[in-house]
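What follows is one structure encoded as structure tokens, with my remarks underneath.
Each ligand, and each atom within it, is numbered from 1 in the order the structure gives.
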Amino acid sequence: MNSVLEKKNRSDILKICGGRPLKGEVVVQGAKNSLPKIMVASLLTKAPCILKNVAPIKDVEIIRELISALGGKVQNIDSTSIVMETPKMSLVPAKRLEDFSGQSRIPILLCGPLLARLGEAIVPSLGGCQIGTRPVDFHLSALRSLGAKITETPYGYHLKAKKLYGNKIHLDYPSVGATEQVLLASVLAEGVTELSNAANEPEIIELIAVLQKMGANISVDLDRVINIRGVSELKGFEHSAMTDRLEVASWACAAIVTNGKIFVKHATQLDMMTFLNKFRQIGGEFDVKDDGIFFWRKSKDLKSLALETGVHPGFMTDWQQAFVVALTQADGVSVVHETVYENRLGYVSTLNHMGAKIQLYQECLGSHFCRFGQRNYLHSAVIVGPTQLKSAAIHIPDLRGGFSYVIAALAAEGISTIQNIQLIYRGYGNFIEKLVHLGADILE
Ligand code: EPU
């Protein structure tokens, strides 16, 4: 890596001179919302577990450190593969735990493995992007149903259970994290757990596949019901993680917003179908190859549309932000109804500052009412386009909002200064190298 890039990678500020189309190839690795959970699954066994296609992202680093703090070892096999082994495990002291508090949402998923192996778990209070209240009530209530006694402490949660027992659990909303919690806690519980209204995102199906490789007995029904028959022991696994479909969508949007053409290596069509349909509807085009997907703008003018985010197989809430930047370039009025997080449109005020015309509404501007309607949450957006974006001094509020600002800056007239870019490394490995490689004008 050259010294300018090294300096940029350490810096928390990125300066982009907009106006250049992004052209070329980017390689996307394992999914941010999959890798850390598979790493947590490795704690369910004493045997070595091999994980391939590991992306160089902050969330992976955090779980690596947590596994080490618990007494396990994580070693690199090569630049994208690791082996994890935790033959002995002990609780992380409360003092050490404070280092992890507020950094990530993954540590709450340690409950199952720690209870199974130690009969006790201490997990830090949670971090992650500030995009809503993000409670963990479903997690706690599911763990209680399986037999855990939980107390809240100043540094997080303290759980105890000599043994967990299978039970019937219903989620009020198909939460990704709570579904993963139930999976990781019930695979080694005694008896059968029936989880209804479960999330079924591809990242969850991947976690189930890994658990199956380990010896777990899990069946998934079409009606969002997952049955887990507990087993007494699990073995190690070897697994190559699925491609990050959120990063793929981000580069696809960068291609059409800058009027360039990007080949996203390792992008997979099957996990992206809903996105691809909407992408084509607004005037984007793609060509699926065996080893990735080309993305570009088909027509000179992009077209407006109405869109609702939702649970799988709907349009992902994490695709929404970069797509909204594309909609600022579309001809006419677009409507986006965010139904997963109540506060995931806060980032648009900065886009307006850059010249976009986006108005937020409390009403559900979609084909159905969601949990946030009439509850004072600005969760619907009306976007009027096309607008010429202009440069600005920007502060990144959260991961996906942050990457959408990068895309806006790439299309804007003039030099934008973006602060807090370290947040983007939580989910986009080597993103500055990738931008430079695609021809972005990144200033020193
Ligand atoms: N919810 C509750 N109670 C709970 C759990 C969730 O009310 O106990 C609510 C949340 O407040 C939210 C909704 O349920 O309104 C969905 O939350 P979910 O649990 O599905 O989200 P998560 O597991 O915390 C993961 C991803 C998010 C992604 C969502 C939805 C990880 C580490 N995070 O979060 O990713 O947006 O699923 O697909 O997997 C991102 O990558 O930028 C990101 C935020």
Worked check of side chain to side chain contact (heavy atoms under 4.5 Å, CB included) between M84 and L51:
CA-CA 8 Å; M84 300 159 282; L51 184 55; 3.8 Å; yes

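- No salt bridge links E238 with K213; every basic N to acidic carboxylate O contact stays at or beyond 4.0 Å.
- Using bins of under 30°, 30° to 60° and over 60° for the plane-to-plane angle, the ring pair H379/F372 lands in the perpendicular bin.
- Near L399, with a cut-off below 4.0 Å to any heavy atom, the atoms of ligand 1 are 42 (O).
- Not one N or O of L246 is nearer than 3.5 Å to an N or O of ligand 1, by distance alone.
- Taking the centre of each ring, W251 and F403 come in below the 6.0 Å mark.
- Of the polar atoms of D318, at least one N or O is found under 3.5 Å from an N or O of ligand 1, judged by distance alone.
- Contacts between D172 and ligand 1 below 4.0 angstrom, taking non-hydrogen atoms only, are absent altogether.
- Of the heavy atoms in H139, both backbone and side-chain atoms come closer than 4.0 Å to ligand 1.
- Ring geometry for F295 against F279 counts as perpendicular: the plane angle is over 60°, on a 0 to 90° scale with 30° as the lower cut.
- Not a single N or O atom of M316, backbone or side chain, sits closer than 3.5 Å to an N or O atom of ligand 1.
- Closest non-hydrogen pair, F138 versus S175, comes out as CD1-CB, 3.8 Å.
- Within 6.0 Å of atom CZ in R229, 12 or fewer heavy atoms from other residues, nucleotides or ligands are found, so the atom counts as exposed in its surroundings.
- With a 4.0 Å cut-off on non-hydrogen atoms, E201 does not touch ligand 1 at all.
- No donor-acceptor contact under 3.5 angstrom links the side chains of H266 and T243, judged on distance only.
- Looking at V340 next to ligand 1, an N or O pair under 3.5 Å apart turns up.
- Checked by distance only, ligand 1 and Y173 stay at 3.5 Å or farther apart across all their nitrogen or oxygen atoms.
- The closest heavy-atom contact to atom 11 (O) of ligand 1, among the options A31, G314, P135, comes from P135.
- Between atom 44 (C) of ligand 1 and the options E338, R105, R344, the minimum heavy-atom separation is to R344.
- Heavy atoms of K37 approach ligand 1 to within less than 4.0 angstrom.
- Contact atoms of ligand 1 toward F138: 1 (N), 2 (C), 3 (N), 4 (C), 5 (C), 7 (O), 8 (O) (distance under 4.0 Å to a heavy atom of the residue).
- For Y341, a nitrogen or oxygen atom sits less than 3.5 Å from a nitrogen or oxygen atom of ligand 1, counting backbone and side chain alike.
- For the residues V176, V311, D137, V136, the heavy atom positioned nearest atom 18 (P) of ligand 1 is part of V176.
- With ligand atoms numbered from 1 in the order given, ligand 1 contributes 32 (C) to contacts under 4.0 Å with heavy atoms of I106.
- Pairing each heavy atom of N53 with each of L35, the nearest pair is O-CD2, 3.9 Å.
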Between Q374 and Q362, is the side-chain hydrogen bond (donor to acceptor under 3.5 Å, both in side chains) condition met? List the steps.
CA-CA 6 Å; Q374 310 300 330; Q362 291 171 2; over 6 Å; no

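- Of all atoms in ligand 1, numbered sequentially from 1 with element shown, those under 4.0 Å from a heavy atom of G177 are 19 (O), 23 (O).
- Ion pairing of D318 with R344 is present here, as a side-chain N (NZ or NE/NH1/NH2) and a carboxylate O approach within less than 4.0 Å.
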